[in-house]
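The block underneath contains the structure these notes are about, expressed in structure tokens.
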Amino acid sequence: MTTRILTGITTTGTPHLGNYAGAIRPAIVASRASDVDSFYFLADYHALIKCDDPVRIQRSRLEIAATWLACGLDTNKATFYRQSDIPEIPELTWLLTCVSAKGLLNRAHAYKASVDKNLENGEDPDAGVTMGLYSYPVLMAADILMFNAHKVPVGRDQIQHVEMARDIGQRFNHLFGAGREYFTLPEAVIEEEVATLPGLDGRKMSKSYDNTIPLFGSAKQLKDAIARIVTDSRAPGEPKDPDNSHLFTLYQAFATPAQLAEFRADLLAGLAWGEAKQRLFQLLDNELGEAREHYHALIERPSDLEDILLAGAAKARKIATPFLNELREAVGLRSFRTNVQAGGETKKKAAKSARFVSFRDEDGSFRFRLLDADGEQLLLSRSFADGKTAGQVSKRLQSSDELDLRVEGEAFGIWLDDEQVASSPGFADAAARDAAIQRLYVALASQE
Ligand code: TRP
């Protein structure tokens, strides 16, 4: 069985080395496995929750898209798209919002943190809290459930959101599934072996600590950032302690075992910090140099990026559009044409009496009639050479969900494969004819 992996990247910043080692690189590696179907997307609707600077949003979307492609994501295999190019996602968000308990969302960490902070400052608990922030987990649930993802690789801070997606999906299945599990219940995956990189000052590399190493800055920017890595004050020649050096940890995230063993031995033998930084620069430049060029070439051609992302959205919507139609059906947002099964009561009553009756014509051919609950004839079929064909046609009328019904004056005909297979009697007027059409749908629905 193929496993469907899905994850989103909020588009509010520029990717740094920590994002690369912790998320981008492992995701791209995972997407290459033959038994995996991966969905990676720019969570730009989520970005609007945290950021009201349009220029920054636009810049970040472009940079993140270029980063993933430059790092080698194969968009023929993976499905790579912008959340905001999939209108089915906000639509599903609403269907899910209507089954999400407010109490569940009250417990979301991000919302609770804002409330706690407000209370601490003696403010109204909801001061500055938008509905976007509050419903953040529902939008995320729609991202995940829309594509029936099995596994969702995320950081620890997102586990709760994936669990909420499970809860919400389960609730929907329970309410509307009628035995069918519309949604796969997703699982969060936390990659334990994946490197959490230390930043320049040794704390976790993060934009909020301003201690990051840019991923695709120029070689000079990379060199300058590395120069700012904090080390201890041991002089050249003095042995260094690799296990207490975050410079060493950074090196480890990119080195082969042989390179790492050599680096460790050299540090223990007194390698100068300046020299050690030069080696780290070389290592990173080797790993990222080619991708950096690719990245800058992509950034220069935004319209090519646009094409790639629109193609990704089209691929995603091939799944999303029909699935959302089924979900709309499930909740009762149905076409009046195909779903007139009024209430359950009508259906039950009709089930007792609406029926197909087959018979042989004088000339020996086979036909059938469809009679409604009151025994009134709704349809008379054309004649068939054998009973088997007649039976198949009546079966198909019962099971087709799009009936090809064509009105002809005060009567109507039923078509299959572009051939008329049955016709109604002539009715007194258009209103009587339309009422009969309604009874026809009820009768057919009751046959299932
Ligand atoms: N909220 C996630 C984050 O900030 C991003 C995200 C949005 C996401 N939708 C998702 C992650 C769906 C996984 C699945 O990291």
Side-chain angles (χ1 to χ4, degrees), residues 3-16 18-28 30-31 36-51 56-57 60-61 63-65 67-68 73 78-93 96-97 100 105 108-114 130 132-169 183-191 194 196 204-208 312-313 316 319-320:
T3 305
R4 204 169 265 191
I5 313 185
L6 174 144
T7 198
I9 312 104
T10 309
T11 53
T12 42
T14 302
H16 55 68
N19 302 134
Y20 172 74
I24 304 170
R25 186 172 61 176
I28 292 178
S31 73
V36 155
D37 194 9
S38 47
F39 287 71
Y40 297 145
F41 67 96
L42 308 184
D44 48 3
Y45 280 140
H46 278 104
L48 298 182
I49 294 169
K50 302 183 191 161
C51 173
R56 173 139 175 236
I57 296 275
S60 172
R61 292 158 94 228
E63 288 174 346
I64 293 177
T67 299
W68 281 71
L73 181 69
T79 306
F80 187 54
Y81 54 97
R82 287 175 294 211
Q83 183 186 33
S84 63
D85 283 334
I86 317 288
E88 288 81 4
I89 289 179
E91 199 171 340
L92 176 56
T93 301
L96 299 178
T97 299
S100 298
L105 297 175
H109 299 321
Y111 168 66
K112 265 198 354 205
S114 297
T130 64
L133 174 67
Y134 189 71
S135 330
Y136 184 111
V138 189
L139 176 58
M140 184 157 157
D143 292 332
I144 298 170
L145 299 174
M146 182 90 259
F147 297 102
N148 281 316
H150 302 104
K151 306 232 172 239
V152 183
V154 283
R156 291 192 182 281
D157 60 324
Q158 300 292 319
I159 299 177
Q160 189 198 30
H161 294 150
V162 180
E163 281 166 0
M164 289 184 167
R166 281 181 75 88
D167 282 356
I168 296 169
F183 295 126
T184 303
L185 303 184
E187 242 174 77
V189 251
I190 305 295
E191 304 228 23
V194 153
T196 307
K204 178 182 172 201
M205 190 181 292
S206 160
K207 211 175 40 195
S208 34
I319 298 171

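Every number for a ligand or one of its atoms is a count from 1 in the order of the listing.
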Practice task
Give me the ring orientation class for Tyr111 and Tyr134: parallel if the planes are under 30° apart, tilted from 30 to 60°, perpendicular past 60°.
Solution key: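 Plane angle over 60°, so perpendicular.
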Exercise for the section: Kindly indicate whether the side chain of Asp167, heavy atoms from C-beta on, has any atom under 4.5 Å from the side chain of Glu163. Expected result: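 Answer no - side chains too far apart.
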Exercise for the section: Could you go through the ring-ring contact (aromatic ring centres under 6.0 Å, His included) check for Phe41 and Phe147 one step at a time? Expected result: CA-CA 12 Å; Phe41 67 96; Phe147 297 102; 7.9 Å; no
Exercise for the section: Check each protein residue for a heavy atom under 4.0 Å from ligand 1 and list those that pass, ordered by chain and number. Expected result: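 Protein residues near ligand 1 are Leu6, Thr7, Gly8, Thr10, Phe41, Ala43, His46, Tyr136, Met140, Asp143, Ile144, Val152, Val154, Gln158.
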Does [Y] offer a backbone N or O that forms a donor-acceptor pair with the side chain of [X] under 3.5 Å?
X	Y	answer
His161	Pro137	no
Glu88	Met146	no
Ser31	Ser38	no

